[in-house]
Amino acid sequence: MNKQDEKIIELYIRDIRKKRIILFIIIVIVLISCVMFCIFYKKNIKQDSDVNNEINIQEENEKNTLDETIYTVVNDTENIETKPTENSAENSIEISTETLQNTTNSVTIEKKNEDNNINQKSKEKQEQKPIPTASENKKSTTSKKPQNKDFLFTDGYTIENVSQVAQDYLKASGYSGECIPLKDNEGIYYGMRVVFH
């Protein structure tokens, strides 16, 4: 072997070493990223389960407090009916007023809990209600003849949709009328007007 062959072999060996080092670095990076992914994934699952557990605990606490208030109301009403009267009329009045106050307090607590649940449900229903269209709004109003209405490009309508919107408004009203294009002095269209007969 001559010097040139030795140099070629040496360069070849260096190239192989470089490739091995690069391959080793890539394998290390992939392993580290897999480990990091597993750690973050486990943390997210743990956080989600913690949140779900907290929600379940809150729901159980609310249910328990509601059950307790119902139980106290039932017990208090039974106490009012079954308490023996004392010798004097004053003592019996004091006892019954105390139990009556306890009962009303329990009932107000229960009513507040029910009101909160009702308010929460009504808010959820309002969020889920679809926004009524112009035609639905028109049907719900009184049966008076609607006023003429302009659909202008400055209000966000375009040349493509203004005639359709105006026709929909006219049909939804249930009255006869016509859609008239609006032009300025220079003959440029700037909207559509619905005129009722």
Side-chain angles (χ1 to χ4, degrees), residues 1-69 109-110 112-140 149-172 179-194:
M1 274 207 292
N2 58 16
K3 289 186 178 182
Q4 195 173 20
D5 290 339
E6 288 177 6
K7 284 183 182 181
I8 290 174
I9 290 173
E10 188 179 327
L11 288 173
Y12 178 73
I13 291 172
R14 283 183 187 172
D15 189 46
I16 289 175
R17 285 180 185 165
K18 285 180 184 178
K19 288 180 180 178
R20 285 182 182 168
I21 291 172
I22 291 172
L23 183 65
F24 179 74
I25 291 172
I26 290 173
I27 290 172
V28 169
I29 290 173
V30 168
L31 288 175
I32 290 173
S33 62
C34 287
V35 169
M36 296 297 283
F37 176 76
C38 290
I39 290 171
F40 287 124
Y41 183 72
K42 286 181 181 179
K43 282 184 181 180
N44 287 338
I45 289 176
K46 186 175 180 182
Q47 287 175 352
D48 289 343
S49 64
D50 289 344
V51 169
N52 289 338
N53 289 339
E54 288 178 14
I55 291 172
N56 291 337
I57 289 170
Q58 287 176 352
E59 288 175 355
E60 288 177 8
N61 288 341
E62 289 175 2
K63 184 178 178 182
N64 289 340
T65 55
L66 182 61
D67 290 343
E68 287 175 9
T69 54
I109 290 171
E110 182 181 358
K112 285 180 183 178
N113 288 338
E114 290 175 1
D115 290 343
N116 288 340
N117 289 339
I118 291 171
N119 289 339
Q120 205 170 26
K121 288 178 182 176
S122 64
K123 285 179 184 177
E124 290 174 0
K125 286 181 182 178
Q126 287 176 354
E127 291 173 357
Q128 293 175 352
K129 281 186 182 177
I131 299 171
T133 61
S135 61
E136 292 172 353
N137 284 338
K138 258 321 182 196
K139 289 178 183 177
S140 64
K149 186 171 181 180
D150 291 343
F151 297 92
L152 305 176
F153 297 149
T154 57
D155 292 337
Y157 299 103
T158 62
I159 195 78
E160 290 87 17
N161 70 0
V162 71
S163 60
Q164 184 64 40
V165 172
Q167 288 175 1
D168 290 344
Y169 177 76
L170 180 62
K171 288 177 184 175
C179 299
I180 301 170
L182 299 173
K183 294 182 188 178
D184 62 6
N185 294 339
E186 297 173 3
I188 298 173
Y189 290 100
Y190 64 92
M192 182 82 66
R193 176 173 292 158
V194 176

Here the pair of heavy atoms bringing Tyr189 nearest to Phe153 is O-CE1, 3.3 Å
Residues 156-166 vs side-chain hydrogen bond (donor to acceptor under 3.5 Å, both in side chains), sequence neighbours excluded, gives Thr158-Glu160, Thr158-Asn161, Gln164-Asp168
Would you give me the side-chain donor-acceptor pairs under 3.5 Å for residues 179-186, sequence neighbours excluded?
| residue | atom | partner | partner atom | Å |
| --- | --- | --- | --- | --- |
| Asp184 | OD1 | Glu186 | N | 3.1 |
| Asp184 | OD1 | Gly187 | N | 3.1 |
| Asp184 | OD1 | Ile188 | N | 2.8 |

Residue set satisfying side chain to side chain contact (heavy atoms under 4.5 Å, CB included) with Ile16, at least two apart, ordered chain then number -> Tyr12, Arg20
Identify each donor-acceptor pair in which a side-chain atom of residues 26-33 lies under 3.5 Å from a protein atom, sequence neighbours left out, and give them as a table.
| residue | atom | partner | partner atom | Å |
| --- | --- | --- | --- | --- |
| Ser33 | OG | Ile29 | O | 3.2 |
| Ser33 | OG | Val30 | O | 2.8 |

For residues 7-17, the salt bridge (charged side-chain N to carboxylate O under 4.0 Å, His left out) pairs (sequence neighbours left out) are Glu10-Arg14, Asp15-Lys19
Separation between CZ (Arg193) and CG (Leu152), nearest 0.5 Å, reads 8.5 Å
inquiry  = Would you say OH of Tyr190 has more than 12 non-hydrogen atoms from neighbouring residues, nucleotides or ligands within 6.0 angstrom?
reply    = yes
